[in-house]
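Per chain, numbering begins at 1; letters A, B, ... match sequence-line order.
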There are 2 protein chains.
Amino acid sequence: MPYSYEYPRAALTVDCVVFGLDDEELKIMLIQRGQPPFEGSWALPGGFVHLEETLEEAARRELEEETGLHKVFLEQLYTFGAVDRDPRERVVSVAYYALVKLSDHKVQAATDARDAAWFGVHDVPTLAFDHAEILQMALDRLRGKLRYQPIGFELLPKKFTLSQLQHLYELVLERELDKRNFRKKVLGMDLLIETDEVEQDVAHRAARLYRFDERKYRRLAKAGFNFEL
Amino acid sequence: MPYSYEYPRAALTVDCVVFGLDDEELKIMLIQRGQPPFEGSWALPGGFVHLEETLEEAARRELEEETGLHKVFLEQLYTFGAVDRDPRERVVSVAYYALVKLSDHKVQAATDARDAAWFGVHDVPTLAFDHAEILQMALDRLRGKLRYQPIGFELLPKKFTLSQLQHLYELVLERELDKRNFRKKVLGMDLLIETDEVEQDVAHRAARLYRFDERKYRRLAKAGFNFEL
DNA sequence: ATTCTTAGTGTTGATTTGACACTAAGTCAA
DNA sequence: TTGACTTAGTGTCAAATCAACACTAAGAAT
């Protein structure tokens, strides 16, 4: 036991709530634990923070290691420090939430990990530790954030239709939105670039594809703009 | 060195940004460091997390020990984990922000601590560690939160005038508000109880005193209400 | 050619917002 | 005791925003 300190120290971990958007549902990625405690239970991907990496770096590393995901949208959520949240010893966990374009990553999640899987947010099994609480908070945060920041694009492919975008908002916010009002508002923000492409292989009129103008968004966000939907 | 671990561990601390409302300014409490590193510098109150206390308990304990403040509004802000934020070793700090009724606590801060003092948020000295960054984030958060949650009452005495409340909003949001519109909106939320008292010892017409209806707020907040100002 | 499905598009009434100025009450000083 | 001073307290209107609402257009499938 080579690392000694004058006072006892909590272990420090990161946990990630990874959201992805299926055609039909908002999903989160879970991994099945291979060791005790909670062996066999599903849990959020995560692990110990190394001394030479920041918290966010730790979260990204664990995400890559355990789920193959990388270059995703990632933001700190909350830090969980209940004394007994881990039965072994004191563990404080900094939780992050991630938004991934499922369309890009579908393959990996399927091949990579026999112990990683996507679950619909309304169909999540019992989770290890206090991960249910973390998940709940992540959902609340995602909903809150979506209302006033154009964060939803992170869940869609680079090019998407307005209907997809609306569908995403409806899934996350759990209420129906009026198509015309939604389009009016979202186009009015002036952050979408109309491409000259339309969706392919659909059995009906094909919708126009749009891109999110991330540069413009960054500029305006820095200037303290508001993007309430 | 009695505490040994298989892998190296970061030290875990809490830091608190304590806001108080002077008649003229929004203030924060700082303490002057007595030891290196940054000896003599001003810093946010804070300290190490003990193993048998939650993060919030640690924050409250440190607050009480270092500044004499207790039973204040306290909420987690963000966790700071840059690798070099402390020159000695890896230290991860969970930051909280607190809102205190300066009117209640003025005495204590004056007597208690020769090394604790209030500074106007626009007149803060150079801070130790990354505390300037923490402060900035706390300010942003306070501003953001004030817009859609009736959190400002935590900075005022139990009974206050509408002008005081407006003044507080103006100080925090850093813009002037229209008196009539402000009163309309704030009374319209229906969270203020008109008392039968008026302010005392003022050299002009005395204003009515109001109380914040915390019970009602809690009920409505739980029901998912919105209190955008 | 007909049917089916989703894309795409404007108007209107209701509500909310923001700008704006005067009277009321009380203290103070001459 | 009166007049001056200071802050409390109050309503209207025009502009902007929001929410409700239904039809035509395009393309695929039969």
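- Rounding to whole angstrom units, CD of residue B:Gln166 and C1' of D:dG9 are separated by 12 Å.
- Rounded to an integer number of Å, the gap from CD of A:Glu176 to C1' of D:dC21 is 15 Å.
- Taking atom CD on A:Gln200 and atom P on C:dT6, their separation rounds to 17 Å, with Å as the unit.
- In this entry the distance linking CG of A:Asn181 with P of C:dG13 reads 16 Å, nearest Å.
- As a whole-Å value, the separation of B:Asp201 CG from C:dC28 C1' is 15 Å.
- B:Arg208 has its CZ atom 17 Å from the P atom of C:dA24, to the nearest Å.
- Note that CG of A:Leu156 is 8.0 Å distant from OG1 of A:Thr161, once rounded to the nearest 0.5 Å.
- Nearest-nucleotide mapping onto DNA chain D: of A:Val202 and A:Asp178, the residue sitting toward the 5' end is A:Asp178.
- Judged by distance alone, with hydrogens and angles left aside, B:Arg180 brings a side-chain donor or acceptor within reach of the base of C:dA21, the pair sitting under 3.5 Å.
- Nearest-nucleotide positions on DNA chain C place A:Leu162 closer to the 5' end than the other of A:Lys184 and A:Leu162.
- Side-chain to base pairing of A:Arg205 with D:dA26: no donor and acceptor N or O lie closer than 3.5 Å to each other.
- Protein atom CZ of A:Phe182 is 14 Å distant from nucleotide atom C1' of C:dA7, rounded to whole Å.
- What you find for A:Lys101 and A:Phe153 is that their closest heavy atoms are NZ-O, 3.1 Å.
- In this structure, B:Phe129 and B:His131 have tilted ring planes: the angle between them lies in the 30° to 60° band.
- Ring pair B:Phe227/B:Tyr217: centre-to-centre distance below 6.0 Å.
- Residue contacts for A:Thr161: at a heavy-atom cut-off of 4.0 Å it reaches no nucleic acid atom on any strand shown.
- Using a 4.0 Å heavy-atom distance criterion, A:Arg183 is classed as a base contact.
- Taking for each of A:Ala203 and A:Leu187 the nucleotide of DNA chain C with the nearest heavy atom, the 5'-most of the two is the partner of A:Ala203.
- Ring pair A:Phe212/A:Tyr210: centre-to-centre distance not below 6.0 Å.
- Atom-to-atom, CD of B:Glu199 to C1' of D:dT6 comes out at 12 Å; the value is rounded to the nearest Å.
- Here C:dT6 is the nucleotide among C:dA19, C:dT6, C:dT9 with the atom lying nearest to any side-chain atom of A:His204.
- Here C:dA7 is the nucleotide among D:dG9, C:dA7, D:dA19 with the atom lying nearest to any side-chain atom of A:Ser163.
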